[in-house]
Amino acid sequence: MPKLPLDFYQNHDTLTLAQLLLGCELVHESADEGTTAGIIVETEAYLIDDPACHAYRRQTPRNSAMFGPAGTLYVYQIYNHYNCINIVAGPEGVGEAVLIRALEPTEGLELMGIRRNEAFKTGFARYRNNTIDPTTADGERNLANGPGKLTIALGISRSEHNFSSLTTGAISIRGPVLHDFDMVTTTRIGLTHGADLPYRFYVKGNSYISKK
DNA sequence: TATCCGATCACCT
DNA sequence: GGTGATCGGATAT
């Protein structure tokens, strides 16, 4: 399946892109560690006139990647611990993006498990004895079924990948690889502002989404 | 420079 | 369904 071209990101508005990205495959080809990938099964859109959007007020050093061209990555740190990954959308100079919330793992599951387990060891002290076994159904389901987990599983970090281009960098999107699925639209997860907006989309019946 | 608070995760009840 | 871990970045003073 070919890498999505630049005009795929440029030619659709942010809400449409959030829906079109469902069923596409997010891929990290790491020269050092190997390739990991998963099908995007859950997204959220963040628009410029939306109080939940990081760019709602104005451009700042933290959110400046959101104002770049469509097809750029915006990686930010949440609760000063986890990274979350966004696909920048909309015209250059307009801070809009699509948050990737969950992946169905397709490639490099063993490496994903190694990264998750390494993160447990170096993360919160209370979770240091946790382990995840990607060869079990439950372990596989838990590899990347949340925005903080999927960046660990794919080895995505703010320092390395914020501002990265999806068309020329190590991280790209292929697709779509999933066809003929039903989509569900709901409100977004974990927000205090803009909580009523129906900007969350997921693949109906998929067991890898972050919440029911 | 001081205060406020979060686009999460995993454990607990 | 509730909650702690844990601190950088945005905003106010």
Side-chain angles (χ1 to χ4, degrees), chain A residues 14-15 17-19 21-22 26 38 40-67 72-90 95-103 105 112-113 115-134 136 138-163 184-202 207-212:
Chain A
T14 304
L15 278 175
L17 196 62
Q19 298 167 60
L21 285 171
L22 290 178
L26 182 65
I40 298 168
V41 295
E42 181 183 349
T43 62
E44 287 180 355
Y46 288 85
L47 308 190
I48 194 62
D49 59 350
D50 158 13
C53 181
H54 285 176
Y56 178 59
R57 292 175 183 278
R58 63 175 172 279
Q59 186 169 346
T60 66
R62 177 205 191 197
N63 66 23
S64 63
M66 294 184 80
F67 292 82
T72 302
L73 287 183
Y74 167 48
V75 185
Y76 72 95
Q77 206 167 32
I78 183 70
Y79 299 103
N80 203 33
H81 187 81
Y82 297 99
N83 290 308
C84 292
I85 183 176
N86 291 257
I87 310 306
V88 175
E96 302 197 340
V98 177
L99 172 68
I100 307 301
R101 283 195 59 88
L103 299 178
M112 290 189 189
R115 286 176 176 146
R116 289 295 313 281
N117 287 327
E118 194 59 32
F120 280 132
K121 287 183 200 165
T122 58
F124 290 129
R126 61 194 290 196
Y127 302 142
R128 294 230 171 112
N129 292 323
N130 287 10
T131 55
I132 189 166
D133 179 357
T136 67
D138 197 51
E140 180 184 328
R141 195 178 59 79
N142 280 296
L143 279 176
N145 63 339
K149 300 183 198 180
L150 73 89
T151 54
I152 296 170
L154 261 60
I156 297 170
S157 68
R158 178 172 139 105
S159 59
E160 290 179 88
H161 303 110
N162 195 25
F163 297 103
V184 181
T185 302
T186 72
T187 55
R188 294 170 295 183
I189 302 280
L191 306 178
T192 52
H193 300 295
D196 57 324
L197 295 169
Y199 291 172
R200 173 173 175 247
F201 310 97
Y202 65 86
S207 58
Y208 297 86
I209 63 173
S210 65
K211 296 192 180 176
K212 63 177 180 181

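Reminder, nothing fancy here: chain letters follow the sequence lines and each chain counts from 1.
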task = I would like to know whether H193(A) and Y56(A) meet ring-ring contact (aromatic ring centres under 6.0 Å, His included); could you show each step before the answer?
result = CA-CA 11 Å; H193(A) 300 295; Y56(A) 178 59; 8.6 Å; no

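- Contact between the side-chain N/O atoms of H81(A) and the OP1/OP2 oxygens of dA5(C) is not found at any separation under 4.0 Å.
- Residue Y76(A) places its side chain closer to dA7(B) than to any other of dG4(C), dG9(C), dA7(B).
- Pair assignment for dG1(C) gives dC12(B), based on Watson-Crick or G-U wobble hydrogen-bonding distances that are each under 3.5 Å.
- Considering only side-chain N and O atoms, R101(A) lies under 4.0 angstrom from the phosphate OP1 or OP2 of dT8(B).
- Nucleotides of DNA chain C nearest to A125(A) and T60(A) differ in position, and the one nearer the 5' end is that of A125(A).
- In terms of heavy-atom proximity, I100(A) sits nearest to L150(A) at O-CD2, 3.5 Å.
- Residue F124(A) has its side chain nearest to dA5(C) when only dA7(B), dA10(C), dA5(C) are considered.
- dC11(B) atom C1' lies 13 Å from atom CG of N142(A), rounded to whole Å.
- At a cut-off of 3.5 Å, with distance as the only test, no side-chain donor of E42(A) or Y208(A) sits close to an acceptor on the other residue.
- When the P atom of dC9(B) is taken as reference, atom CZ of R141(A) falls 13 Å away, rounded to whole Å.
- Between N117(A) atom CG and dA10(B) atom P the separation is 11 Å, expressed in whole Å.
- If you check every strand for non-hydrogen atoms under 4.0 Å, N86(A) touches a base.
- Phosphate proximity of dC5(B) to N80(A): absent, as no side-chain N or O sits under 4.0 Å from OP1 or OP2.
- One can place CD1 of I209(A) at 16 Å from C1' of dA7(B), the figure rounded to the nearest angstrom.
- The residue F120(A) sits close only to the backbone: its heavy atoms come under 4.0 Å of sugar-phosphate atoms, none of a base.
- You'll find that the side chain of R158(A) is closest to dG9(C), out of dG9(C), dA7(B), dA10(C).
- Both C53(A) and Y127(A) sit near DNA chain B, but only C53(A) has its closest nucleotide nearer the 5' end.
- Look at OH on Y79(A): it is 14 Å from P on dT3(C), rounded to the nearest Å.
- Donor-acceptor pairing under 3.5 Å is recorded for the side chains of Y74(A) and H54(A).
- Using a 4.0 Å heavy-atom cutoff across all strands shown, L99(A) reaches at least one base atom of the nucleic acid.
- Here dG9(C) is the nucleotide among dC11(B), dG9(C), dT11(C) with the atom lying nearest to any side-chain atom of R62(A).
- The interatomic distance linking N129(A) (CG) with dA10(B) (C1') rounds to 14 Å, in whole Å.
- With dT8(B), dA10(C), dA10(B) as the choices, the nucleotide that has an atom nearest any side-chain atom of C84(A) turns out to be dT8(B).
- Nearest to the side chain of R57(A), among dA7(B), dA10(C), dC7(C), sits dA10(C).
- Annotation: dT3(C) and dC5(B) have their C1' atoms spaced 16 Å apart (nearest Å).
- Across residues 188-197 of chain A, I189(A), G190(A), L191(A), T192(A) each have a non-hydrogen atom less than 4.0 Å from an atom of DNA chain B (numbered order).
- Atom name P, nucleotides dA7(B) and dT11(C): the rounded distance is 13 Å, in whole Å.
- Contact check, R126(A) against dC12(B): no side-chain N or O comes under 4.0 Å of OP1 or OP2.
- Listed nucleotides: dC11(B), dA10(C), dG6(B). Nearest to the side chain of P61(A): dA10(C).
- Look at dT6(C): it lacks any Watson-Crick or wobble partner with both distances under 3.5 angstrom.
- We find that NZ of K149(A) is positioned 10 Å from P of dC11(B), with the value rounded to whole Å.
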